[in-house]
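A quick write-up on the structure given underneath.
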There are 2 protein chains.
Amino acid sequence: MTRRETLNRAKVAAAALALVDAEGIEALTMRRLAGELGVEAMSLYNHVKNKTDLLDTLAEQVFASVERADPGLPWADRLRITVGNLYREFSRHPAVSKTLVGDQANPTSEAALRPAEDILEALFQAGFDEKAARQALIAVHALVFGTLALSTSGYTTPPRPAVHGLDVFRRAVDPARLPHFARLVATTDADSDPTEDFDHALNLLITGLVAAAPNTGHGTRGL
Amino acid sequence: MTRRETLNRAKVAAAALALVDAEGIEALTMRRLAGELGVEAMSLYNHVKNKTDLLDTLAEQVFASVERADPGLPWADRLRITVGNLYREFSRHPAVSKTLVGDQANPTSEAALRPAEDILEALFQAGFDEKAARQALIAVHALVFGTLALSTSGYTTPPRPAVHGLDVFRRAVDPARLPHFARLVATTDADSDPTEDFDHALNLLITGLVAAAPNTGHGTRGL
DNA sequence: ACCTGAACACCGTTCAAGT
DNA sequence: ACCTGAACACCGTTCAAGT
């Protein structure tokens, strides 16, 4: 349809990202993507190894667009900002988050690992050892990608997608049997802001990290 | 192959869970599952509406098996235990976790929502309002399912599956470019215990929650 | 080097037909 | 009521053939 001059890997990746953003991951088939590029499905294999390679490239694109925090800030602020930027960037591409948690994509390029590297840098500066840093990294990743992946299904409202996740529950929940859940569902629409919810959850976690850190963010503290 | 007397919904669900536990979600096709039950694929449609219905049933089974916490405990302990039990049960069925975060399953039965109800009950007893309770519930769910989903791909070792996730990174990471990540990868095998890592992450979050809660778990505290 | 048509081995699901 | 064979409309991917 767009009938470009000649195809290359970057154009394939860009078209794929646009397609999943607009219509979700299930719209991304090799035949459909080829059609979008005015070409036959088999042409794509000249530019990507296979569909897994294509999905890895999508995730890499998003990781690479994550803004880095000012290295002059205290570690806790650097951590909060880096993770916030990671969340913000992936919240623009919720379908890509799902390929990560669904194990369909697993990018290992330097660009894809840069945010994790920055998070670890902050954690090591906080004085955590390897084990504690790994545990904190896992927690932070789980929070980012778990929140994004669950936001289009479960107990919250998605940032952008069309389907309102809570509608299912509003019909299904019996207040007599699940009173607290019903209370939550009944009051959710008014003040629901996924980004704010995420920031709050991240703050809870960082509160726990600051309490556990050998070093504070503002200089030294006796052990 | 098992050629039972007659098929029913429970038998289909049990066989499906056994299949995904043994061979992962990609092994669960209608034709394959039917073969496992000594029947043709189309027979399954007499007992489940479609594949989505089947996946919902799987998730429901796992949710329903989550043990409930002693209601006499303080809220923070109840929260920790309920979430820990949720993690433990789903860690036995990592493929089912992925259907939840991947939006392929979305169970809304009372049995499926019971753990969320218990978590909310603890949070409301802690004095959180609806908004804070929703934010905490999101954080806790993201932690559980995000950790489990990422454990078979990303930065940690899975509890059971065959593939060792870190091997990819061990080959790919350049210590000169990603020094902190390389440090993590180099030291990960020795003391890596996914359940312990999860417990630690959960404790970080609960530390943050206790600090933010209007009520303590052990009686009253002035506002 | 890049693109294509035909084909292969799969999917989930429908439908008419059997018992 | 439950099961089945054939078929439909898809998938990702291979391969030989074109330019």
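In what follows, every chain begins at residue 1, and chains take the letters A, B, ... in the order their sequences are listed. Note that this is a predicted model, so its numbers are computed, not measured.
Between R32(A) atom CZ and dC11(D) atom P there is a gap of 10 Å when expressed in whole angstrom units. Rounded to whole Å, the distance from NZ on K49(A) to C1' on dT14(D) is 15 Å. Rounded to whole Å, the distance from CG on N46(B) to C1' on dA17(C) is 14 Å. Going from atom NZ of K11(B) over to atom P of dC2(D) covers 12 Å, rounded to whole Å. Note: OH (Y45(A)) to C1' (dC8(C)) measures 13 Å, nearest angstrom. Between the CE atom of M42(A) and the P atom of dA17(D) there is a distance of 17 Å, given to the nearest Å. The nearest whole Å value for the distance from the CZ atom in R31(A) to the P atom in dT14(D) is 13 Å. Atom CG in L55(B) sits about 15 Å away from atom C1' in dT13(C), given to the nearest Å.
In this structure, R114(A) fails the cation-pi test against F63(A), since its NZ or CZ atom is not both closer than 6.0 Å to the six-membered ring centre and inside 45 degrees of the ring normal.
Side-chain contact between E117(A) and E110(A) is absent, with no heavy atoms from C-beta onward closer than 4.5 Å. By the 4.5 Å heavy-atom criterion applied to side chains, R88(B) and T195(B) are not counted as neighbours. Using a 4.5 Å cut-off on side-chain heavy atoms (C-beta onward), V12(A) and R9(A) make no contact.
The partner of dG18(C) is dC2(D), judged by Watson-Crick or G-U wobble contacts that both fall below 3.5 Å. Remark: dG12(D) base-pairs with dC8(C). Criterion, Watson-Crick or G-U wobble with two distances under 3.5 Å.
Picking from dG5(D), dC3(D), dT13(C) the nucleotide with the shortest atom distance to the side chain of V39(B) gives dC3(D).
Neither OP1 nor OP2 of dA1(D) sits under 4.0 Å from any side-chain N or O of H47(B). Contact annotation: S43(A) side-chain N/O to dC2(C) OP1/OP2 distance is not under 4.0 Å. OP1 or OP2 of dC11(D) sits under 4.0 Å from a side-chain N or O of T29(A).
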Exercise. Kindly indicate, with the supporting measurements, whether the criterion salt bridge (Lys or Arg N to Asp or Glu O under 4.0 Å) is fulfilled by E196(B) and K131(A).
Key: CA-CA 11 Å; E196(B) 190 195 334; K131(A) 184 175 180 175; 2.9 Å; yes
